Amino acid sequence: MNLNRRHFLAGVSALAAVPATGAAAAASRIIEARPGKVQLVSGDFPATEIWGYDGGVPGPLIRARQGETISRTLVNSLPQPTAIHWHGLRVPNNMDGVPGLTQDAVSVGGEFQYDLPLTDAGTYWYHSHNQSTEQVARGLYGVLIVDEPNSPDVDHDLAVVLDDWRMNKEAQITEDFGATHDWTHAGRMGNFIHASLSPSMDGVQTNQRLRLRLINVATDRIMAVSLRGLSGKLVAHDGMPVEQPEDFGVLVFGPAQRADIIADVTAKPGEPVQIILHERDSAYVLSELPVNGGGRAAPRGSIQPLPANPVAGIGSLTGAREVPLVMEGGAMGRMRQGTYKGQLLGMRDLVDQGQIWTFNGTAGLPEEPLVTASRGEIVRIAMENNTVFPHAMHLHGTHFREVGADGSLGPLRDTLLMDARETREIAFVADNPGDWLLHCHMLSHQAAGMKTWIRVT
Ligand code: C2O
Ligand code: CU
């Protein structure tokens, strides 16, 4: 049988399967990274061999209340060293999970205990931050939900995990993780886009209220998604509540970006609620929920904002530290040379080392931070994308706001999707001490050079 995308997508139009990670595993303080097998593609296809937390994809849903501290001991049963990054959580620096910057990679058979104070409520996720082009592509990620002290009243609270797999005809992950063409272009694009819903459910009822936590965990693909049979508002970006719930149409997610949606079911029994993926000139049903009879007579009232998280306000931008970040490289770029591991190299030598992109002329993690800020200082980074590709810029350790051309401040985010040739500026209060990565979350681009770091003292 020939596996093309259309076939695959047809195969997953029914509710996505959720892996069999038992309740016991989810409650345990151990999280084991190990190979597993998951029935990702339905029909006659065999189960897919993956690497997953507790052997599942996504890994166990971790859920706790704001203000709590949770602990997980990572046990590495993979054939490679690994580490977990808790994406979007403002954790102490030594818990951030970045080998080469905040910890050593956990060796094969080794362990590492993560203690995570949950300062902010919202939708977060966790993933491998070692050889991540391979390890995330193989399935090493999971959802982390931090509940507000008083969560909004909804009937169903669902995580919707969007992923993009590159598979062969036997529905097995292809092992071409470092392919030069991917690294020099838009990254590793898959042929099987999958939405998994957790918890899995039989259906919803008209006028029920849902909270959907959409997360793009793909290594490189930007996903444009809309919802059919629902009417509601966007209440948070990247875990952080917006001040006023926003209307939305097609939601665009760069890798790692999230949105929380609160919406009421408008579909009647017989017309399902659908999650639709938009491509340039087509659209596919990624997942659907049947609407069963016996719903509420009327929807609930208006959708209220979620309570703000305790993030330091930027106040005024006057006197802020201003740092330029020029992004170059990639196919069709104008980059001719770059510094790598302290040496100035021509393009050909860089490519030989798998380095194709630079920040301020340097590929890979530079010896010196992009900026050293003292605690409490306001930092502005103007990011100039001198390439012909979009990039999803992610800062560890703190959320930032985009600075508009008029000096206005956008919503708090941890990942900013930039179009080709765009210049966008972010600002944040440097209040979390330590060394924090700033990189493109298109993991192929990150591996091929797009990373730097900041120091907060
Ligand atoms: Cu989601 Cu540096 O990572
Ligand atoms: Cu990129």
Side-chain angles (χ1 to χ4, degrees), residues 53 58-59 82-91 93 95-103 105 123-133 135-137 140-144 161-163 182-189 215-222 238-239 253-258 325-333 335 355-359 363-365 370 383-400 413-422 424 432 434-454:
Y53 295 111
T82 194
I84 302 181
H85 171 55
W86 311 89
H87 185 115
L89 288 188
R90 295 189 293 148
V91 295
N93 195 236
M95 294 289 121
D96 199 41
V98 181
L101 193 63
T102 69
Q103 69 169 97
T123 302
Y124 302 96
W125 66 298
Y126 59 98
H127 61 83
S128 161
H129 217 299
N130 199 51
Q131 291 180 240
S132 56
T133 33
Q135 294 194 4
V136 175
L140 284 164
Y141 56 76
V143 179
L144 196 159
V161 177
L162 306 164
D163 200 2
D182 296 337
W183 283 23
T184 51
H185 290 75
R188 177 184 170 93
M189 293 294 131
I215 309 173
N216 180 1
V217 303
T219 55
D220 298 271
R221 184 184 288 277
I222 299 167
D238 297 348
F253 297 93
Q257 289 188 312
R258 286 95 67 210
L325 180 80
V326 179
M327 307 152 73
E328 282 181 315
M332 296 161 282
M335 193 168 108
Q355 298 299 303
I356 299 141
W357 309 85
T358 57
F359 286 163
L365 212 57
L370 177 70
M383 303 186 293
E384 182 184 332
N385 180 5
N386 253 334
T387 81
V388 299
F389 292 91
H391 300 289
M393 294 296 290
H394 171 49
L395 177 62
H396 286 218
T398 190
H399 280 59
F400 52 77
R413 298 214 69 138
D414 62 36
T415 306
L416 182 75
L417 182 58
M418 299 178 63
D419 224 329
R421 302 246 166 255
E422 265 189 333
R424 310 264 295 269
N432 197 356
D435 294 344
W436 304 103
L437 213 56
L438 169 63
H439 65 91
C440 179
H441 218 290
M442 281 137 182
L443 298 178
S444 303
H445 294 170
Q446 177 198 212
M450 296 193 107
K451 55 181 160 215
T452 185
W453 56 292
I454 66 163

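Keep in mind that this is a model prediction, so the values were computed, not measured. Numbering of ligands and ligand atoms starts at 1, following listing order. Only this structure's heavy atoms are used, side chains among them; waters, hydrogens and symmetry mates stay out.
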Inset, instruction - Could you tell me whether D238 and R413 make a salt bridge, using a distance below 4.0 angstrom between a side-chain N and a carboxylate O? - result: yes
Legend entry - Contact check: H85 to atom 1 (Cu) of ligand 1, N/O/S below 2.8 Å: no
Legend entry - Ring centres under 6.0 angstrom apart (W125, H394): no
Inset, instruction - For the Cu ion (ligand 2), find the closest N/O/S atom on H445 and give its atom name. - result: ND1
Legend entry - Under 2.8 Å: N/O/S of H394 next to atom 1 (Cu) of ligand 1: no
Legend entry - Donor-acceptor contact below 3.5 Å, side chain H127 vs main chain L140: no
Legend entry - Angular separation of NE2 (H396) and NE2 (H439) seen from atom 2 (Cu) of ligand 1, to 10°: 110°
Legend entry - Exercise: do N130 and S128 side chains pair donor with acceptor under 3.5 Å: no
Legend entry - H439 ring center near H445 ring center (under 6.0 Å): no
Inset, instruction - Examine H87 and say whether one of its N/O/S atoms is closer to atom 1 (Cu) of ligand 1 than 2.8 Å. - result: yes
Inset, instruction - Taking atom 1 (Cu) of ligand 1 as the reference point, name the nearest N/O/S atom of H441. - result: NE2
Inset, instruction - Looking only at non-hydrogen atoms, find the nearest pair between L417 and M442 and report the distance. - result: CD1-CE, 4.1 Å
Legend entry - Vertex the Cu ion (ligand 2), arms to C440 SG and H391 ND1, rounded to 10°: 130°
